[in-house]
Every structure is written in structure tokens, then in C-alpha cells.
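Because the structure is predicted, anything quoted here is derived from the model rather than measured. Just so we're on the same page: letters track the sequence lines, and every chain starts at 1.
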Amino acid sequence: MGSRNHRHRIALRKTDSVLGRTSVRESLVPYTQVSMADSKHTTLQSEDFDRWYVDVVRRAELADYTPIKGCMVIRPYGFALWERTRDALDAMIKRTGHENMYFPLLIPESYLAKEAEHVKGFAPEVAWVTQGGSKQLEERLAIRPTSETIICSLYADWIHSWRDLPVLINQWANVCRWEKRTRLFLRTTEFLWQEGHTFHETEVEAAAEVDTMLDCYREMAEEWLAMPVISGRKTESEKFAGAGYTLSIEAMMSDGWALQSGTSHYFGRGFSKAYGITFADRDNNLQHPFQTSWGLSTRIIGGLIMAHGDDAGLVLPPRVAPIQVVVVPIARSHEAEGGIVEAACQRLERETSGSVRLRVDRREGIRPGEKFAHWELRGVPLRITAGPRDLADGNVTLVRRVDGEQSVEPLEGLAARLPDLLAAAQRVTFDRAKQRLDDRSVDVKDLDELKQAFEARPAFASAPFCNTTECEDQIKAAVHAVGIRNLRFDRSASGAPCLVCAKPSQHVALIARAY
RNA sequence: CGGGGCGUAGCGCAGUUGGUAGCGCACCUGCUUUGGGAGCAGGGGGUCGUGAGUUCGAGUCUCGCCGCCCCGACCA
């Protein structure tokens, strides 16, 4: 590992960068060594996707490790990203009639224990508080892995009549799951999320709720995070512990792996029976309400990173980007145009105030090239370069992060056009992800075709499926590390033969490698 | 939780048969620069992940623990 290899890597990176196309000669420099990150560069996505991911998360200052295993710190830039995601989803949750409230972090063991399947499902990953101060607790307290149990326990007291229904609530909270294997954002011991919980008079109403909220997640993913998703129903073996059924949205990362990005569960009356929740219906008969729950977590930030990022770093969709437009002034101290550059920057700030999240990078002593790299790493959707050369003709240079598209734009009226330019960037970001999803999706008819589909690289395979656990197990066994992500809502098998047992099937299974 | 790998400055690394720690980048100051990760000069920063052991002496050898990464198992 000498400086020679180091130089090769730099040369490759220059030509490989979306935005930094340079000379042909540099592209001929041989690539001889697996790249490693250094203080100025991230690992190449193509070399080591997992390492690239960690590099980007840390270098872009989204999050970092802490002394506590599996627990990350979310840094301001990463938290701003989560806040924008959270605020957008919160608006949807309220739009659909829900109210926010807050339940305790600690849950008595006896509360947790009432629903058998649920306890069994979560037992391996619950963290316990056994001591308060110096005193041993009589009953240990679980740090919530999710809040169904305490919510049910409390609502048992609050629900009496059909007039109390539906109950439509949500909470934004942290939860704790003692995961064996953690990854920044994707699977952390503690994470942030929202969990919605609802109680309904009828099964039909509860089922509609589950659909409605899954569609909010789809909207969140597609329209805000620019991540096309596939909605569907989880198989029996993959559903939430204690649920009647579970719905999910599945997104494709740029390495072709699937990421479950939101889930919505129909509980039926399983929990309400276990927790003794009853109401008098319209005929004065005592009934158990039908329940749902649904959640979306900071995990989706990991999805956002992996769905759009490239070798230069993050690529953020404008709607959630903490900074939508960065202006890099080119200041030449010995030339008279310095004032013109600053005036242009101030004009952009003034004219975008309140409409666009724009920042002028006025840091001194840092050359433009470094600023470009800095903001590309952070995924800022649009960059304006304000330099004397362009400004002499009243122009600035505009570069779009997602595809490197560059144009010279008149400063006059640019601020007013930025919202449209950002909307276009949002669209291009989504389209690019959609294109990849389409390119790497394949229909298969049997296990041989399934194996073939995964030979070259991970893919999203769709196939008729009879929905039995036996056949699901055979799919898992057929190709290393793949499984059924969900049973697609947008497709029907219409009696086509199951890819395993060939019996007539109604469902089309989405089969992929998953994070 | 099993197998493997790795922990030395913020990042990437070097550190000889054990002799008290170095390089590049980053950081600070000054000057010169500024259209793709600048140059020169000066400077700061490390109880070598952690605890114990062996030794006159441990970054280096032994053992435990902790953390991170990879492959499994587990998992919403």
C-alpha cells in the first residue's frame, strides 16, 4: 500500500465521478488496488457497498457511533433530514384524522406478557430495567420495543362505548430492540419512529385503516423520498408478532437489495381480547374492538441514502433536503468583480427567502473545488456557482446533483425559477430510482428461473406463489439469502402455477435479498 | 450467539529481535491563492480500545473484557 496506489485511486475517482469528468488520459490510469477511504474520499460504491454506506453516513455527518453498542448519535444534518421526513409524515397522519399522544418508555413485564404471540416474538430483543437507584425492582420493566401492550392496557379503561370509537392515535417515540447485528440507521438498538395505534368498531373499518396508512407510507417514500416502492402483504412467517396480517412497502437499494421501509398491521381482536378491551355496541352487546398499528422509523433514512447515493456521496431529493440549493461564490481577491459576486449571492438569498432552503458557502480560505466536493458529499440537490466570468454576462452556473446536468442561467429571475428546478430534480431522482427498479425486476416461473435471476446480481423477482410456508421455505433454500418480501398488491397470479409446487396461485410474490 | 478480521492523533496508516511513538491528509496561525478536494512557513493534538499479567522495561508478548466490520444463526 504505497502512495502509488493512492494516486491510482484518485485518478479513477476523478473520471468516475458523476460531476467530475476529466481527461481521457486519466481514465487510462490502471486501477490496481481495492480502494479504501481516506480523509478526503469515500470508498467506491462498486468496491464495497457496505463500507461506502458507513463512509457516507459518517463523512456527511449524518450520524456516528457512540460508546454504546448499536446506539448511534444522529448529528444535526442527519437529524434535519429526519425532521423533514417526520414533519411530512406527521402532516399525513393528522390529515387522515389521527392525534398525537405519548406513552411511557418503561413497560411493566406483566403488561407485556398478556398477548402470547407478541411476547414470544419480542422476548429475544427486549431490554430490561431491574433496578431503580440502589433498589431492586419488584417487577422488572421493559424498555419499550413497541407500545401495543401498554397502549392496550390503558385503553382498556378508556373505551366503553361504540361512541368512543374509532380511537385514532399516534406517538413519535424512541424504542429499543436488542439487535444482534446493528447498522447505522438500518438497524440500531435504539431508534426513532412513529407508531400509530387505532381501535375500530368493525373489521372493515380497521382493514381500511391499515390500507390507508400503508398508502401514507407509500406517499412518503415515493413523493418525498423519491423511492419507488412495492406495496404488499407479508407472508404468515414474516408478519408482526401477534398480528392478523402485516402489510409493507419494499424499496430497492442501488445494490439491488430490498429494504422494508414501512409496515402496517391488522390485529383483528387478538390484542383487545388479551387486554380485555370491550365496548358496548349499538345493540348494547359487549364487543372487542378491532385494532391496527403501523410504524415508520429512522431506518428509512438509511434507505434514502442507499437508494440514491453515488460515489460522490449522498443524493438528496429536494423535498427532504435540509439545504436545497448551495451557492458557491468564486472570489478573486485581486479583481474588481468581488463586489458583483457578493451582490449576486445576497440577491439570491433575498429573493429565495422563505421559498427555498438556500445557503451561500462564504467560508474563506477554502477553494471552490473543495466546496463542490463538500456539498456533493452532503447531497445538496442544486449548486449555483457564482463567479465573475458568468456574472459579467449576468449569469451563474447551475449544476444538478442527481445527474450532474449543468447549465448557465441568467441570474435575473433565477430565484423564482428555483422551485421548478427543484421539482424537476425531485422528479429526476425518482425516475432514476424507478428506472433501476424496472431494470432489475424480473418475472420468473419456477425455481430454476429464480436462481438464474439472481446469478448476475441481486434482483427483484416476481412469481406466482401459492402462499404456503412449505413453498416459502423452498424459495429461501433455493437461492442464498433471498426471501419473500411481500405478496404484491399490484399483481395477481390469476391461477398461474406456483413457482415451487405448481398449484394454481392467486398471489404474486416479490422475492429479493433484504437488509 | 458461532466463525473470521480489525482497534495506534479527527480520517487513513507505519511502528524493526520488547527500550517510552511517527507519516499523509484534516485542524490552528500568518501570507499568497480561489471556475473541481491549493502553495509556503510555523504550530497544536496520542494515558497506543480497556483491564490484568509476563518483564528492569509493553504499542509490540499472554489472557480477559469492550467496540467496529464481514459471513452465518436470530430478528420486525
Side-chain angles (χ1 to χ4, degrees), chain A residues 1-3 5-7 9-10 13-14 17-22 35-43 48-51 53-55 58-59 61 64-72 118 120-126 145-146 175 177-184 186-187 191 193 195 234 237-243 246 248 259-263 265 293 295-297 299 312-313 328-335 337-338 341 361 363-377 383-392 396-397 399 404 406 408 480-481 483 485 514-515:
Chain A
M1 289 297 287
S3 58
N5 289 327
H6 180 80
R7 232 173 273 128
R9 182 174 71 252
I10 303 298
R13 187 177 301 278
K14 276 186 177 171
S17 162
V18 173
L19 304 165
R21 304 201 189 288
T22 51
S35 72
M36 303 289 277
D38 61 29
S39 58
K40 283 190 176 175
H41 302 92
T42 59
T43 305
D48 185 337
F49 193 84
D50 295 326
R51 182 146 187 200
Y53 175 79
V54 175
D55 273 359
R58 300 183 71 195
R59 285 168 193 278
E61 297 179 348
D64 211 338
Y65 297 108
T66 64
I68 304 97
K69 175 181 162 61
C71 292
M72 65 172 182
H118 185 72
K120 211 172 95 189
F122 278 102
E125 49 191 83
V126 172
T146 177
V175 290
R177 295 179 187 178
W178 217 259
E179 300 286 355
K180 299 278 165 50
R181 217 175 139 185
T182 57
R183 294 165 62 87
L184 296 169
L186 297 172
R187 178 173 283 109
F191 58 93
W193 75 345
E195 48 179 320
K234 286 292 189 184
S237 64
E238 295 271 309
K239 74 182 186 186
F240 180 79
T246 289
S248 75
L259 184 78
Q260 177 180 297
S261 307
T263 49
H265 316 287
S293 88
L296 183 142
S297 74
R299 174 180 231 208
V328 176
I330 309 297
R332 291 185 195 159
S333 55
H334 289 309
E335 298 187 27
E337 304 100 332
V341 171
D361 186 351
R363 290 177 297 166
E364 288 177 14
I366 297 173
R367 297 161 69 100
E370 188 172 348
K371 292 184 180 179
F372 297 165
H374 178 92
W375 296 111
E376 279 157 15
L377 173 61
R383 182 183 73 229
I384 293 172
T385 308
R389 206 165 62 208
D390 292 329
L391 283 169
V396 292
T397 297
V399 179
Q406 187 167 330
V408 175
H480 177 251
R485 304 318 307 150
Y515 273 97

**Request:** Decide side chain to side chain contact (heavy atoms under 4.5 Å, CB included) for Ile366(A) and His374(A); before the verdict, give the C-alpha distance in whole Å, the side-chain angles of both, and the deciding distance to 0.1 Å.
**Result:** CA-CA 11 Å; Ile366(A) 297 173; His374(A) 178 92; over 6 Å; no

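The side chain of Glu370(A) has G37(B) as its nearest neighbour among G35(B), C68(B), G37(B). When the nucleotides U34(B), C71(B), G36(B) are ranked by their closest atom to the side chain of Ile330(A), U34(B) comes out on top. Checking C71(B), A38(B), C75(B) against the side-chain heavy atoms of His480(A) singles out C71(B) as nearest. When distances run from any side-chain atom of Glu179(A) to the nucleotides C75(B), G35(B), C71(B), the shortest one goes to C75(B). Of the candidate nucleotides G35(B), C11(B), C75(B), G35(B) has the atom lying nearest to any side-chain atom of Thr385(A). Here the nucleotide nearest the side chain of Asp50(A), chosen from C70(B), U34(B), C68(B), is C70(B). Checked against U34(B), C75(B), G67(B), the side chain of Glu125(A) finds its nearest nucleotide in C75(B).
For the pair Leu186(A) CG and C68(B) P, the computed distance is 14 Å after rounding to whole Å. Taking atom CD on Glu61(A) and atom P on G10(B), their separation rounds to 15 Å, with Å as the unit. Note: CZ (Arg389(A)) to C1' (G36(B)) measures 12 Å, nearest angstrom. The distance between atom CZ of Arg59(A) and atom P of A26(B), rounded to the nearest whole Å, is 13 Å. Note: NZ (Lys180(A)) to P (C1(B)) measures 7 Å, nearest angstrom.
Within the 4.0 angstrom heavy-atom criterion, base atoms lie near Thr397(A).
The phosphate of G35(B) has OP1 or OP2 within less than 4.0 Å of a side-chain N or O from Arg367(A). Under 4.0 angstrom from either OP1 or OP2 of G36(B) there lies no side-chain N or O belonging to Lys371(A). A sub-4.0 Å separation between OP1 or OP2 of C69(B) and a side-chain N or O of Tyr53(A) is absent. When the side-chain nitrogen and oxygen atoms of Arg183(A) are compared with OP1 and OP2 of C70(B), one or more of them lie within a distance under 4.0 Å.
Contact of Arg383(A) with G36(B) (side chain to base): a donor-acceptor pair of N or O atoms is detected under 3.5 Å. Residue Glu376(A) places a side-chain atom within donor-acceptor reach of the base of G36(B), judged by atom type and a 3.5 Å distance cut-off alone.
In this structure, Arg389(A) CZ and Ile330(A) CD1 are separated by 8.5 Å, a value rounded to the nearest 0.5 Å.
In the displayed structure, Trp193(A) atom CH2 is contacted under 6.0 Å by more than 12 heavy atoms of other residues, nucleotides or ligands.
Judged by the 6.0 Å and 45° rule, Arg383(A) forms a cation-pi pair with Phe372(A).
Between the Thr246(A) side chain and the Lys234(A) main chain, no donor and acceptor come within less than 3.5 Å of each other.
Taking the C1' atom of each, G49(B) and G7(B) are spaced 6 Å apart, rounded to whole Å.
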